[in-house]
Amino acid sequence: MVKPFQKKYLILCGLAVFGTLCLFLRNPIVSYAEKTETTTPSAIYSNPYFRGTKEEREAIIQRMTSLLGVDCNFCHNDDLTVFTEAGEKSKEMMNASVALGVECDYCHIDLKNFRENEQQARNMFELSETMGTECNFCHAGKDKLTTRGEKSKTAFVTREWVTKGTRQCLMCHIEKKQFALNYYGWQVLNTVKGLKGM
Ligand code: HEC
Ligand code: HEC
Ligand code: HEC
Ligand code: HEC
């Protein structure tokens, strides 16, 4: 049996524990909310193009900046809160570089001049734009292709992609849908399966 006095005491205790728990639970939520509001450079250390120690990262930034012959604010402000058009473009360029396992100088001599692979690179950017893919859909690092990359290698050859371009791929694949097949594409696939007896 619990006496009335003990009961009150128990309730008080319960309230105290509940209160403390609430404080503990609330705190991280509050500080998290504050963090997302005040922490500006969500960009910091986010891009996989920047690898290694702080020094190595800084060296990468220096190489990129001097190669392109620009100042830091060509791409972003000091706080990394505002990115210029070139800065936004560079994010895509970084994704491309990571997919290919290279740095900017693989294609760039400077901002406006390019190496011999310029046309190839431009075709690839155009292909990715048309099909709604990123470079890593097909590229998995230096000189490595994904399974899909291998498939398109065959398609590039049989479809004379280099001269005839990406439009051709749309005969069987849907634009911007990462090589999903259209109706004709499915017919082709079924015919191929039929021929293979699958
Ligand atoms: C050609 C464009 C460009 C130039 C020039 C440039 N940056 Fe950046 N910087 C970027 C981009 C893009 C990012 C990554 C943003 C992201 O992916 O969120 C970045 C990220 C950074 C970061 C974060 C690094 C990390 O590890 O995440 C720092 C610090 C930075 N830049 C400093 C500088 C400084 C200092 C200079 C000048 C010496 C400079 N940047 C020049 C485009 C540029
Ligand atoms: C695979 C080749 C390739 C790589 C790697 C590459 N770029 Fe580019 N970049 C190009 C091509 C081609 C263009 C021109 C076509 C265009 O603007 O889309 C270009 C254009 C740009 C532009 C716009 C230039 C202008 O006239 O405004 C910027 C900025 C840029 N690149 C930054 C970078 C940075 C930074 C890196 C490294 C992180 C990089 N690129 C890596 C091929 C490349
Ligand atoms: C649909 C698949 C696919 C996509 C998407 C793709 N590539 Fe490629 N890429 C290939 C294939 C296949 C080759 C040819 C490899 C070979 O012939 O050995 C190639 C070759 C290249 C080459 C010349 C070879 C080399 O490694 O230097 C460059 C440069 C290149 N791609 C850049 C890019 C860039 C940049 C993107 C993203 C904008 C991209 N690719 C997106 C499939 C793709
Ligand atoms: C005549 C029809 C046809 C044309 C044109 C065609 N393809 Fe395909 N493609 C197919 C079929 C069918 C498949 C599915 C069978 C398979 O995966 O092997 C396929 C699959 C693919 C895949 C794999 C997709 C995935 O998600 O696994 C890639 C990548 C691809 N094609 C790239 C290309 C490229 C690049 C071009 C243009 C140069 C092209 N194709 C033109 C019929 C076509």
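Both counts, for ligands and for their atoms, begin at 1 and track the order of listing.
Proximity of Q62 to ligand 1, defined as any heavy-atom pair under 4.0 Å, is confined to the side chain (atoms from C-beta onward). Contacts between H76 and ligand 1 below 4.0 angstrom, taking non-hydrogen atoms only, involve the side chain exclusively. Contact annotation: for D71 versus ligand 1, heavy atoms closer than 4.0 Å belong to the backbone alone. If you look at M124 next to ligand 2, there are no close heavy atoms at all, none under 4.0 Å. Counting heavy atoms under 4.0 Å from ligand 1, residue F83 touches it through the side chain alone. Residue N117 does not touch ligand 2, judged by heavy-atom distances below 4.0 Å.
In the vicinity of G87, heavy-atom distances shorter than 4.0 Å reach the ligand 1 atoms 12 (C). In summary, the atoms of ligand 2 found under 4.0 Å from a heavy atom of Y49, numbered by their order in the structure, are 38 (C). Close approach to R57 involves these atoms of ligand 1, each under 4.0 Å from a residue heavy atom: 26 (O). Here is the list of ligand 1 atoms found below 4.0 Å of a heavy atom in L68: 1 (C). Near N47, meaning under 4.0 Å from any of its heavy atoms, are these atoms of ligand 1: 16 (C), 17 (O). Annotation for ligand 2: atoms under 4.0 Å from non-hydrogen atoms of K112 are 25 (C), 26 (O), 27 (O). Within ligand 1, the atoms closer than 4.0 Å to a non-hydrogen atom of M64 are 3 (C), 4 (C), 6 (C), 7 (N), 42 (C), 43 (C), numbered from 1 in the order shown.
Inside a sphere of radius 2.8 Å centred on atom 8 (Fe) of ligand 2, the protein N/O/S atoms present are M93 SD, H108 NE2.
Using a 3.5 Å distance cut-off with no hydrogens or angles, the side chains of T166 and E126 do pair a donor with an acceptor.
Ligand 1 does not have A86 within reach: every non-hydrogen atom of the residue lies 4.0 Å or more from it.
Looking at D71, its side chain never comes within 3.5 Å of a backbone N or O of N73 through a donor-acceptor pair. Under a 3.5 Å cut-off, the side chain of Q178 and the backbone N or O of T133 do not form any donor-acceptor pair.
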Ligand 4: protein N/O within less than 3.5 Å of ligand N/O:
from: ligand 4; atom 1: 7 (N); to: H173; atom 2: NE2; distance (Å): 2.9
from: ligand 4; atom 1: 9 (N); to: H173; atom 2: NE2; distance (Å): 2.9
from: ligand 4; atom 1: 17 (O); to: K151; atom 2: NZ; distance (Å): 2.8
from: ligand 4; atom 1: 26 (O); to: R148; atom 2: NE; distance (Å): 3.1
from: ligand 4; atom 1: 31 (N); to: H173; atom 2: NE2; distance (Å): 2.9
from: ligand 4; atom 1: 40 (N); to: H173; atom 2: NE2; distance (Å): 2.9

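What you find for R57 and G52 is that their closest heavy atoms are NE-O, 2.9 Å.
Between F114 and H108, the two ring planes are tilted [angle within 30° to 60°].
Ionic pairing of R51 and E56 is not present here: no N-O contact between side-chain nitrogen and carboxylate oxygen is shorter than 4.0 angstrom.
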